[in-house]
**Student:** 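Mind having a look at this structure? Questions to follow.
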Amino acid sequence: MLGIRPLLASAAATLTSPLTPDDYRAALNPLWSRNQPSGRVTAVVPETADAATVLIRPGLGWRQVTAGQHIAGQHIDTGFRINGVWHSRTFSLSSPPGRSDGLLSITVKASADGLVSRHIVHALRAGDTVRLGQPTGTFVLPAEVPARLLFVTAGSGITPVMAMLRHLAAGQRMPDVVLAHSAPGPSHVIFGPELRRLAARFPTLRLHEQHTRPAGGNPARLTMAALSALCPDLPERMAWVCGPAALVDEAESHWREAGIGARLRTERFHPNLRTGNGQGGRVRFARSGRETTASADTPLLTVGERSGMLMPSGCRMGICHRCLVPLTEGRVRDLRTGVEHGTAGELIQTCVSAAAGDVEIDL
Amino acid sequence: MAATTHLSPQDIEDLGRELDLIRAEVLASRGEQDAQYIRRVIALQRGLEIGGRAVMFAAALPPAWLAGTAMLSLAKILENMEIGHNVLHGQWDWMRDPRIHSTTWEWDSASPADGWKYTHNYVHHTYTNVLGRDRDLGYSILRVSPEQPWNPVYLAQPLYNLVLAALFEWGIAIYDVEIERVFRGEKSWDEARGQLRDMLKKILRQGLKDYMVFPALAGPAFLPVLLGNLTANVVRNIWAHTIIVCGHFPEATKTFTAADIDGESRGDWYVRQLLGSANLSGPPALHLLSGNLSHQIEHHLFPDLPSNRYAQVAPRVRALCERFGLPYATGSLPRQTVSVWKRILRLALPGPAATRAPAPTTGTSPEPVARAA
């Protein structure tokens with residue numbers, strides 16, 4: 001049966017041609033757009049000296065597109081306008097699904113060379129518009145929550161786990177949880193006060209804060225041996241590990257060697273990129289005819305963005321595969337492994353691939 | 001290039017470097033203010049379009065018809081000139097806004113954006129005013145340079161130009177298909193057929209909107225709305241045509257031959273853009289409504305810089321022209337329009353003899369050039 005909705009949509013498209021009805025929706029209010037779903041910042045709350053939580057009220061368009069699809073622990077693409085230029089980055093949602101006030105939150109730590117993270121922590125204001133993607137990712141709580149869980153996090157790696165803990169706390173039933181979190185000192189613990197309150201409220205939640213640079217003490221990293229000692233039943237627990245590459249790498253080999261790799265879920269937020277050896281080259285964007293030069297260690301994603309191309313992007317560390325673009329000519333170097341590869345038509349991950357000589361990509 | 005015989009290759013290289021510097025400065029300073037500018041122009045255009053079409057529903061009343069038609073004409077002019085033309089040049093790509101980007105934009109013109117980006121951004125802007133290469137030179141139907149051999153069909157060219165003005169968007173759309181290159185065997189029929197199909201699809205869509213759907217929505221005011229929309233399209237066509245011919249065809253602008261661009265350096269390319277373009281002087285509204293093509297010289301030197309910056313760099317470009325003894329053609333809109341028409345009328349008739357220096361060895365003195373106060 002021919003629905004009335006598609007009929008109306010095509011009538012509206014005729015009236016707005018050559019633009020789309022969504023262009024007019026967005027012109028009236030960017031929050032109504034479904035093609036570029038957005039939200040409005042309602043508050044930026046400092047968490048530590050260099051981290052802040054951004055509370056966002058998602059717009060009508062986002063709510064229509066997302067339709068409640070969000071699992072605790074997932075991440076989301078966000079777009080920020082900084083000095084006139086849109087920048088997109090992926091962040092874990094720190095809010096649980098279905099907050100009663102309808103808000104979403106991301107929690108971001110400003111990194112020294114991070115244009116976007118510094119903007120979010122230090123310059124973003126209530127009232128600013130943020131573009132929002134859909135929650136995605138598999139670093140989540142399963143629908144059937146296991147009886148015993150272990151979370152191992154460091155720094156801002158706590159954010160997706162915070163969403164899970166908040167989700168569990170909101171359901172009033174906290175399973176047996178061990179959370180081992182590393183931070184330089186007590187005041188550096190993102191969500192520190194809230195985590196301590198949760199641990200006091202739920203006897204089944206055991207919080208271990210590993211202060212890696214305690215005042216007056218010796219630096220102390222959380223090693224796998226120390227982790228096993230403080231969580232003797234580690235092999236029986238379902239585990240989630242999120243943090244810098246070194247932590248995640250260590251955890252992966254530890255779980256693998258113990259033969260319990262299937263019980264581990266990990267998420268990284270920094271890729272292990274090598275600095276380029278070898279040459280860059282000319283990069284040509286076949287469809288738009290644009291051409292530029294690229295160094296041996298700049299990801300093609302960055303190269304394209306700098307020249308004003310609309311590059312598809314996602315996690316920016318070689319995991320989510322949303323930046324895939326067909327290579328039409330030349331070869332690229334995988335910045336994680338240093339391996340050169342590339343045949344015409346191959347889909348390459350632009351966020352972790354650099355030009356190895358002249359290349360052409362189909363954009 | 002007689003106007004440049006007083007310049008040594010070193011001079012031309014220096015000029016090129018100075019212009020590169022201006023370009024680099026603007027590129028490095030693009031920011032929120034520029035972004036705000038284009039967003040505001042787009043908001044203004046959408047407001048005018050919605051407002052104009054809404055007012056037009058009362059088109060049975062003559063003042064409403066007039067107001068609606070005027071608003072819609074303005075909206076269409078802004079849409080084509082300051083927004084469409086410039087967005088399709090990639091002037092705003094640096095914002096990485098998928099809504100305002102050369103790869104996603106489609107405009108209210110009969111030409112599909114893709115084909116136009118090729119004939120305009122590439123062919124016209126690369127081979128500006130080169131006979132036989134720049135198809136915009138006379139749009140294949142006008143004789144605008146004495147070097148174009150005269151033919152009796154040019155006798156009626158003042159009429160062709162009038163018709164072209166009224167039907168400009170259609171003319172450009174057909175012209176973008178490059179039928180003459182198909183006849184010469186330089187382009188396949190398949191490619192041209194594909195383009196024609198896209199063009200027809202777009203024309204139908206645009207026509208359906210302006211001449212069927214909106215008039216039908218107005219019910220009893222069907223005919224006044226249809227006429228209002230038709231008027232707005234024609235006003236836009238005439239305006240666009242006027243601005244564009246004033247950019248390249250006033251008598252002070254130069255044309256070139258394929259030999260002139262043989263081994264052309266970056267500096268030479270800049271000089272050709274300078275000599276082949278002419279500016280319009282006037283109030284800020286003229287600059288906005290012309291899509292800043294009133295700064296045609298600056299636009300041709302820097303086609304992908306944001307249009308709101310042309311006014312800012314114009315005094316520096318002009319100072320450079322003075323320093324290097326190069327003409328900087330500019331004049332008011334009426335004056336340049338008269339100049340274009342004089343050229344079109346004169347060249348409808350045979351002659352005059354080409355005044356071009358046949359080879360660089362012939363040392364002619366710089367030609368007198370138009371310089372408005």
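Below, chain A is the first sequence line, B the second, and so on; all start at residue 1.
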**Student:** Checking His321(A) now: which residues fulfil side chain to side chain donor-acceptor pair (under 3.5 Å) with it, not counting sequence neighbours?
**Tutor:**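 Per chain and number, His321(A) pairs via side chain to side chain donor-acceptor pair (under 3.5 Å) with Gln349(A).
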**Student:** Without swapping roles, check the side chain of Arg40(A) against the backbone of Gly59(A) for a donor-acceptor pair under 3.5 Å.
**Tutor:**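 Judged by distance alone, no pair lies under 3.5 Å.
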**Student:** How many angstroms lie between atom CG of Leu31(A) and atom CZ of Arg57(A), to the nearest 0.5 angstrom?
**Tutor:**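 The CZ atom of Arg57(A) is 10.5 Å from CG of Leu31(A), to the nearest 0.5 Å.
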**Student:** If we ignore hydrogens and angles and just use 3.5 Å, is the side chain of Arg118(A) paired with the main-chain N or O of Ala112(A) as donor and acceptor?
**Tutor:**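 Answer holds: yes.
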**Student:** Not counting sequence neighbours, which residues clear side chain to side chain contact (heavy atoms under 4.5 Å, CB included) with Ala354(A)? List them please.
**Tutor:**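 Here the qualifying residues are Leu335(A).
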**Student:** Taking only distance into account, so ignoring hydrogens and angles, what donor-acceptor contacts under 3.5 Å exist between chain A and chain B?
**Tutor:**
| from | atom 1 | to | atom 2 | distance (Å) |
| --- | --- | --- | --- | --- |
| Ser17(A) | O | Lys209(B) | NZ | 2.5 |
| Ser17(A) | OG | Gln206(B) | OE1 | 2.8 |
| Asp22(A) | OD2 | Arg99(B) | NH2 | 2.8 |
| Asp23(A) | OD1 | Arg99(B) | NH1 | 2.7 |
| Ser33(A) | OG | Arg99(B) | NH2 | 2.6 |
| Gln36(A) | OE1 | Arg99(B) | NE | 3.2 |
| Gln36(A) | OE1 | Arg99(B) | NH2 | 3.4 |
| Asn83(A) | O | Glu32(B) | N | 3.4 |
| Asn83(A) | OD1 | Glu32(B) | N | 2.8 |
| Gly84(A) | N | Glu32(B) | OE1 | 3.0 |
| Trp86(A) | N | Met95(B) | O | 2.9 |
| Trp86(A) | O | Arg96(B) | NE | 3.2 |
| Trp86(A) | O | Arg96(B) | NH2 | 3.2 |
| Trp86(A) | NE1 | Asp97(B) | OD2 | 3.4 |
| His87(A) | ND1 | Arg96(B) | NH2 | 3.2 |
| Arg131(A) | NH1 | Asp97(B) | OD1 | 3.4 |
| Arg131(A) | NH2 | Asp97(B) | OD1 | 3.3 |
| Arg290(A) | NH1 | Asp93(B) | OD2 | 3.2 |
| Arg290(A) | NH2 | Asp93(B) | OD2 | 2.5 |
| Glu305(A) | O | Arg96(B) | NH1 | 2.9 |
| Gly308(A) | O | His101(B) | NE2 | 2.7 |

**Student:** Contact part of Ile42(B) toward chain A, heavy-atom cut-off under 4.5 Å: side chain, backbone, both or neither?
**Tutor:**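 Neither the backbone nor the side chain of Ile42(B) comes within 4.5 Å of chain A.
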**Student:** Looking at Leu55(A) and Ser105(A), what are the two nearest heavy atoms and their distance?
**Tutor:**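 So the minimum-distance heavy-atom pair works out to CD2-CB, 3.8 Å.
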**Student:** Closer than 3.5 angstrom, by distance alone: can the side chain of Gln74(A) be matched with the main-chain N or O of Gly137(A) as a donor-acceptor pair?
**Tutor:**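 Side chain of Gln74(A) to backbone of Gly137(A): a pair is present.
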**Student:** Partners of Gln134(A) by side chain to side chain donor-acceptor pair (under 3.5 Å), sequence neighbours excluded?
**Tutor:**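 Counting only residues at least two positions away or on another chain, Gln134(A) forms a side chain to side chain donor-acceptor pair (under 3.5 Å) with Thr66(A).
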**Student:** Identify which part of Leu19(A) has an atom lying under 4.5 Å from any heavy atom of chain B, answering side chain, backbone, both or neither.
**Tutor:**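 It is the side chain, since no backbone atom gets that close.
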**Student:** Can you say whether Ile38(B) sits under 4.5 Å from chain A via the side chain, the backbone, both, or neither, judging by heavy atoms?
**Tutor:**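 For Ile38(B), no heavy atom lies under 4.5 Å from chain A.
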**Student:** Counting only non-hydrogen atoms closer than 4.5 Å, does Met311(A) touch chain B with its backbone (N, CA, C, O), its side chain (CB onward), both, or neither?
**Tutor:**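 Contact with chain B: none, neither part.
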**Student:** At a heavy-atom separation under 4.5 Å, does Ala13(A) approach chain B through its side chain, its backbone, both, or neither?
**Tutor:**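 Contact with chain B is through both the backbone and side chain of Ala13(A).
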